[in-house]
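The structure displayed is predicted, hence computed values, not measured ones.
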Amino acid sequence: MSDYRDASVEIGANEFHKKTGIAAAQRKTESEFKNKYVDSKTGKIQSHLITKRNCPICGHKKGEVTFNKNGFDHILCTCGMVYVPEILKEEHLNLVYSGGEHEKETHDAFRAEPRKTFICEIYRAGLELIEKNGLKSNDCLDVGCSSGLFLEYATGHGYAADGIEPSDYAAEYGKNRGLTITKGYFTADKIEKKYSLVTLWDVLEHCDNPKVILEDSNKVLDEGGILFLQ
């Protein structure tokens with residue numbers, strides 16, 4: 001059974017951006033990134049930082065460049081997917097986010113008002129949708145859990161929630177708050193049990209191969225379990 005609702009629209013994305021200042025912060029981060037990693041002559045990411053890929057949906061390399069953002073071309077594939085054909089190499093993925101000061105500021109900001117209230121309202125709408133679709137048990141795995149704000153919210157609402165997160169800093173931040181977080185990129189073989197619920201909050205769009213992530217998510221789901229994507 002599938003269902004859909006856009007929680008960010010429900011609470012008002014414009015109001016969220018205005019009150020939290022997140023749009024201004026993102027513009028600042030984008031500007032810093034472009035100054036460091038975009039070739040000013042070509043307007044594209046410096047070639048030694050990137051690796052190429054085909055469409056993550058159909059696997060083909062067909063389509064036209066529709067726009068460039070922050071140095072990355074975006075192609076409209078013949079299958080209808082818009083994707084980035086040149087992505088950062090794995091060793092450069094955390095270029096923007098590296099540095100303890102930046103990360104501490106980021107994760108502290110998740111828990112500062114009014115941003116925390118807006119984010120948790122999205123979580124509330126998501127859990128309401130999940131429970132509406134017949135969740136059998138309260139055990140949950142949050143993939144790409146960052147520093148665990150959703151884990152905290154879910155635990156506070158009766159869930160037994162675990163997480164997995166590739167950022168060492170974010171994972172340690174959450175573990176220091178008493179949360180159960182496995183460090184590393186998500187693969188099914190890193191998870192020792194099955195769950196009634198697997199959640200991916202703003203994660204899938206960051207994955208090089210979303211099909212593999214979905215397949216592995218299915219492997220760690222109990223029969224009749226629910227996979228939730230935002």
- Query: Below 4.0 angstrom, N of the basic side chain to O of the carboxylate: do Glu223 and Lys194 qualify?
  - Reply: no
- Task: Could you tell me whether Lys193 atom NZ has more than 12 heavy atoms of other residues or ligands within 6.0 Å of it?
- Result: yes
- Message: My understanding is that only one of Leu229, Ile191, Leu200, Leu141 makes a side chain to side chain contact (heavy atoms under 4.5 Å, CB included) with Ser217; could you say which?
- Response: Leu200
- Below 4.5 Å, heavy atoms only, C-beta onward: do Arg115 and Phe110 meet side chain to side chain? yes
- Sub-3.5 Å donor-acceptor pair from the side chain of Gln46 to the main-chain atoms of Lys36, do we have one? yes
- Side chains of Leu135 and Phe228: closer than 4.5 Å at any heavy-atom pair? no
- Task: Evaluate the side-chain proximity of Ile213 to Leu204: yes if any heavy-atom separation is below 4.5 Å, no if none is.
- Result: yes
- Message: Under a 4.0 Å threshold between the charged nitrogen and the carboxylate oxygen, would Glu113 count as salt-bridged to Lys116?
- Response: no
- How far apart are the C-alpha atoms of Glu215 and Lys219, what are their side-chain angles, what is the distance that settles it, and do they pass the salt bridge (charged side-chain N to carboxylate O under 4.0 Å, His left out) test? CA-CA 6 Å; Glu215 288 173 344; Lys219 289 177 183 177; 5.9 Å; no
- Query: Do the side chains of Met81 and Val84 join up, straight or via other hydrophobic residues, at under 4.5 Å, putting them in one cluster?
  - Reply: no
- So, are Arg124 and Glu128 salt-bridged, with charged N and O less than 4.0 Å apart? yes
- Which heavy-atom pair separates Ala161 from Leu151 by the least distance, and what is that distance? CB-CD2, 3.8 Å
- Task: Determine whether Phe150 and Ile130 fall in the same hydrophobic cluster, where Ile, Leu, Val, Met, Phe, Trp and Tyr are linked whenever their side-chain heavy atoms lie under 4.5 Å apart.
- Result: yes
- Message: Applying a strict under-4.5 Å side-chain criterion to I, L, V, M, F, W and Y, I'd like to know whether Val220 and Ile164 cluster together.
- Response: yes
- Are any of the side-chain heavy atoms of Tyr123 and His157 separated by less than 4.5 Å? no
- Query: When hydrophobic residues are tied together by side-chain contacts of less than 4.5 Å, even through go-betweens, does Val65 share a cluster with Ile57?
  - Reply: yes
- Message: Please determine whether a side-chain nitrogen of the Lys or Arg among Glu30 and Lys34 lies less than 4.0 Å from a carboxylate oxygen of the Asp or Glu.
- Response: no
- Task: Could you tell me whether the side chains of Thr199 and Asp142 share a donor-acceptor contact shorter than 3.5 Å?
- Result: yes
- Task: Answer yes or no: is there a donor N or O on one side and an acceptor on the other, between the side chain of Arg177 and the main chain of Leu149, under 3.5 Å?
- Result: no
- Task: Could you check if a side-chain atom of Tyr37 sits within less than 4.5 angstrom of a side-chain atom of Ile50, using non-hydrogen atoms only?
- Result: no
- Message: Taking the side chain as everything from C-beta on, heavy atoms only, tell me whether Val203 gets closer than 4.5 Å to Phe186.
- Response: no
- If you measure from the Lys or Arg side-chain nitrogens to the Asp or Glu carboxylate oxygens, is any gap between Asp222 and Lys136 under 4.0 Å? no
- Does NZ belonging to Lys44 count more than 12 external heavy atoms closer than 6.0 Å? no
